[in-house]
Amino acid sequence: MTPVTANAPKPSKTKKAPEPAVALPGGYAGKLLRVDLTTRKCWAEPWGSRMRELLGGAGLGAMLLYRETAKRGGKGNVAWDDPDNRLVLATGPLAGLPVWGTGGLTVCTIGAGTNGPTSTQANGFFGTNLKYSGWDAIVVQGQARDWVYLYINDDTVELRDAKFLVGKDTWETQDALCRVTGLAGHQLSVYSIGPAGEHLVRFAAIQGDYGHVASKNGTGAVMGKKRLKAVAIVRGTKALRAVDPRGVLQAADDIAHDLRTDPSARSLYEYGTLPGVGNLSKLGVLPIRNYTTNLTANVPGADMADWEAPRLRANFDHRGHQCNACGMHHCHMSVIQKGAHKGRIVDEPEYEGWSGCGWQIGAVDRDGIAWLATECDRACVDVNEFGWITGWVMECMEKGYITRAQLGFDLTWGDIPGAGRLLRMISRREGFGAVLAEGVKRAAEQLGSPAKDCAVYIVKGATPRGHDHRGRWDEMLDTCTSSTATMETGNPVHPTEVGQPARINIFDGVQVAKNVAGLAGRRSFEDSLGICIFTTRTRLENVCRALGAATGWTFTVDEAIRFGRRTAAINRATALRCGHAGALEYPSVRYGSTPVDGPAKGQAVRDQWETMLDTWYAEVGYDRKTGKPWPKTLKALGLDWLARDLWGKKA
Amino acid sequence: MRVLAIHPEKCTGCLRCELACSYVQTGEFQPAKSVIRVSPFEGHTSYAPYTCTQCAEGWCMTACPVGAITINAAGAKDVLDDRCVGCKLCTIACPYGTMFYDPGTRKAFKCNLCGGAPACAEACPTAAITYEETWTGDWLGDFAHERTARILEIR
């Protein structure tokens, strides 16, 4: 296979104006790497004039999807499996700098779950290695004839034969690529797909650097459809310049101090997301046995003392496994100490691993859950949707809606080996696994009621994070109204900084909707910087200061929020083009049901859903009937061009 | 004397030391020019930073044909740029692999303890690198001996 080297801009056949020469802001590498798998061409695209407008990550991805995934010569959008779909692997201006957690990767594409836009984040060293190689983002289009992987080593960019990697899981793929390149550790960052991506499972993820996952909306299926098995980036040799390096270091120190000492961030600093199990169970937000109960005591063998973060971590031989420049004690590698998988190296599960491969499927064997969650990563299956589909199958078998004859074996609550068998069936589309590989919504619709009524999903085709949102209405509303198939506004971080109340009544639909709308913007901004969502759990002002010192721009909190809302509006426009009308913004029957026990017992979100939607639409300035942002909303965000696109002369 | 002591069991592989080192040594963030490097072990469950131990033997100094390597005020072996002719003999002589050559400047470069305030130790969030008073620069010998004994015992 002939290597392709991208060292010059591709000669343009169109009359598009050339990129104006501008001084490069600090923090950026300066080029986008364009890869066309169909023609096997790679080329460099300077983008200096658009950096302030798009930043990187989610902001850059949203604009690329809007501009480049419209159907040629007609209305509508290209589907997730169309060669014209774009797979944007973007980082941002803070990646590679010494702010904690700055190895960031944001994946933007038309995803296989909703067949609409997505923006999903992972970390590790992808962003760092990419930036030191001289690139800010990779934009993949087309479809390869045979399996390839993308190799980047500074200016050398090659599409290499990946036949020897086919069938390997994501960890095996990274091991194999380390062997063939002779590199070890963070000298090579690899993001790849496992068997689930190869078999186009609708909730396949992209996994990298042993345990980091861009998991939402079937990004792995998009990569599989393009026959791109992996992206391997050598830790580049180029320099990154910050306009004010001391300012970056000072802002980084302030952020680190805040994360270490602020009560709301400290447990995250010490234990990552492990405390989530105990904390969320007390709020009725831990999903237990597919939303059939909210009482941990209903799971045989459950002892909540075992689930306190220090004991959960101490159950394993463990070591820190942090992302670029990160001082958090969050990501860990663990070794299982006992049981069937004794001696196995696993990635310490996040809260969502413990819930999706544990409580949601009625399992509390911590060693088994850690093994299963890592198997999901290795197969490149989104651990959340795996939990929803496995719990659903377990409940349906218990109730007789799915039979042993259909599935091929008995699967009961808490059966981790059985869940592992199901994972293999799904990720290779074997037997009934082919039905389940279509994702919770499509599988439930195929089986119909009463099985369908037990399934947890959003009508749009996505599934929630590993929570019971019947006790967390803000995230249910956010996930259902989002244009990116996962929460778009995110959880409150210092809400008073952006004029929102410190606390609200979480079961008052109007307050919830106003809060979700009022907090909009921050998350899309953070996801555009190449930094981890957890290390930005500080005052936004600190993050803006780091960005300003890196780039040389004066970036205020107001501008950050405005930027994020602009990104959300552009994603909304793409989602509408994909046919995501308001009718899809509803929870499934089970997802929107009323808890029968536990702390949120009797709180009925569905009774207030229409009011919540009405309030949210009015507050964000979108039209409830058409789903479109109003012209005045778009103009206030500086998106006059989008107002004209969406509303024509009415704008 | 004070030397950099490495505590590999505390390292999480975040590579913050490489960033800090390159910034102090070059003024830019460029880990390729860092003189401290982090290596993974045991299936990515372990990491260890590694840099010049300022060894007592000073093989680099001995090998240098032009006397370009000297001992600075902090007690570190340091390359004098205006004397270094870029012959790379020191990179061959160093048994620890901690002498580097920069094709851009055509000079050798190495850890000079940042003149007495090592940036890597300052930047490490888990105190896996500390700047300590010790009786010998060859602290690694003891570590290696203990480690080897332990591994032989396991076998």
Side-chain angles (χ1 to χ4, degrees), chain A residues 26-27 96-103 125 128-129 131-132 154 171 174-175 178 183-187 209-211 234-242 245-246 248-249 252-253 256 260 269 317-335 344-347 550, chain B residues 6-51 97 100-105 109 114 117-130 154:
Chain A
L97 295 179
V99 185
W100 283 11
T102 43
F125 282 81
T128 315
N129 288 17
K131 291 271 289 284
Y132 290 129
D154 283 350
W171 287 29
Q174 185 149 3
D175 289 346
C178 282
L183 296 167
H186 305 314
Q187 292 299 322
D209 293 350
Y210 302 100
V234 179
R235 190 163 174 80
T237 64
K238 304 192 179 195
L240 274 181
R241 182 186 62 93
R246 287 180 66 193
V248 172
L249 290 166
D253 282 350
R260 268 196 298 254
Y269 163 74
D317 185 8
H318 58 89
R319 285 288 303 274
H321 181 241
Q322 307 308 340
C323 304
N324 183 60
C326 189
M328 303 277 275
H329 300 273
H330 173 202
C331 302
H332 275 240
M333 295 299 266
S334 303
V335 182
R344 282 291 288 270
I345 296 174
V346 293
D347 173 47
Chain B
I6 307 291
H7 311 279
E9 72 282 1
K10 290 184 181 171
C11 177
T12 65
C14 78
L15 276 53
R16 199 173 167 76
C17 51
E18 293 190 8
L19 277 179
C21 176
S22 68
Y23 171 57
V24 171
Q25 297 287 337
T26 71
E28 293 184 307
F29 299 104
Q30 188 177 15
K33 292 204 176 159
S34 166
V35 290
I36 189 162
R37 305 281 165 101
V38 178
S39 305
F41 297 95
E42 299 164 330
H44 297 266
T45 57
S46 297
Y47 295 89
Y50 189 58
T51 186
F100 302 93
Y101 174 75
D102 184 345
T105 61
F109 65 106
C114 298
C120 53
E122 176 68 28
C124 179
T126 58
I129 309 164
T130 52
I154 292 167

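For clarity, every value in this text was computed on a predicted model and none was experimentally measured. Chain identifiers are assigned alphabetically (A, B, ...) following the order of the sequence lines, protein sequences preceding nucleic acid strands; residue numbering begins at 1 within each chain. Every heavy atom of this structure was used, including side-chain atoms; hydrogens, water molecules and symmetry mates were not.
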- Are the side chains of A/Q322 and B/T126 in touch, meaning some heavy atoms are under 4.5 Å apart? no
- Rounded to the nearest 0.5 Å, how far does CE of A/M328 lie from OG1 of B/T12? 12.0 Å
- Message: For A/H318, which atoms come within 4.5 Å of any heavy atom of chain B: side chain, backbone, both, or neither?
- Response: neither
- Query: Does A/P98 offer a backbone N or O that forms a donor-acceptor pair with the side chain of B/R16 under 3.5 Å?
  - Reply: yes
- Item | Proximal component of A/L97, with respect to chain B [non-hydrogen, under 4.5 Å] | both
- Message: For the CZ atom of A/R235 and the CD atom of B/E18, what is their distance to the nearest 0.5 Å?
- Response: 5.0 Å
- Query: Among B/V38, B/T26, B/L19, which residue forms the greatest number of heavy-atom pairs with chain A at distances under 4.5 Å?
  - Reply: B/L19
- Note on the structure: From the list A/G327, A/G320, A/A325, the residue making the most non-hydrogen contacts under 4.5 Å with chain B is A/A325
- Query: Quick one: what part of A/D253 sits under 4.5 Å from any heavy atom of chain B, side chain, backbone, both or neither?
  - Reply: side chain
- Query: B/P125, B/C14, B/P40: which one forms the most heavy-atom pairs within less than 4.5 Å of chain A?
  - Reply: B/C14
- Task: Heavy atoms only, distances under 4.5 angstrom: which of B/A20, B/S39, B/C11, B/S22 has the most pairs with chain A? Name it, please.
- Result: B/C11
- Toward chain A, the part of B/S46 with a non-hydrogen atom under 4.5 Å: both
- Between OG1 on residue A/T128 and CZ on residue B/F29, distance to nearest 0.5 Å: 12.5 Å
- Query: For the candidates B/C124, B/A32, B/C17, which exhibits the highest count of non-hydrogen atom pairs separated by less than 4.5 Å from chain A?
  - Reply: B/A32
- In terms of heavy-atom proximity below 4.5 Å to chain A, should B/Y23 be classed as side chain, backbone, both, or neither? side chain
- Message: Between A/M333, A/H186, A/K131, A/H321, who has the most heavy-atom pairs with chain B when the cutoff is under 4.5 Å?
- Response: A/H186
- Note on the structure: d(A/T237 OG1, B/K33 NZ) to nearest 0.5 Å is 8.5 Å
- Message: Restricting to non-hydrogen atoms, name the atom on B/E28 and the atom on A/R241 that form the minimum distance, rounded to 0.1 Å.
- Response: OE2-CB, 3.9 Å
- Message: Under a 4.5 Å cutoff for heavy-atom pairs, which residue among A/A239, A/G185, A/G236, A/C323 has the most contacts with chain B?
- Response: A/A239
- Query: Around atom CD of B/E122, are there more than 12 heavy atoms of other residues, nucleotides or ligands at under 6.0 Å?
  - Reply: no
- Contact summary for A/F125 and B/G13, nearest pair of heavy atoms: CZ-O, 3.4 Å
- Heavy-atom proximity to chain B below 4.5 Å, by part of A/L240: both
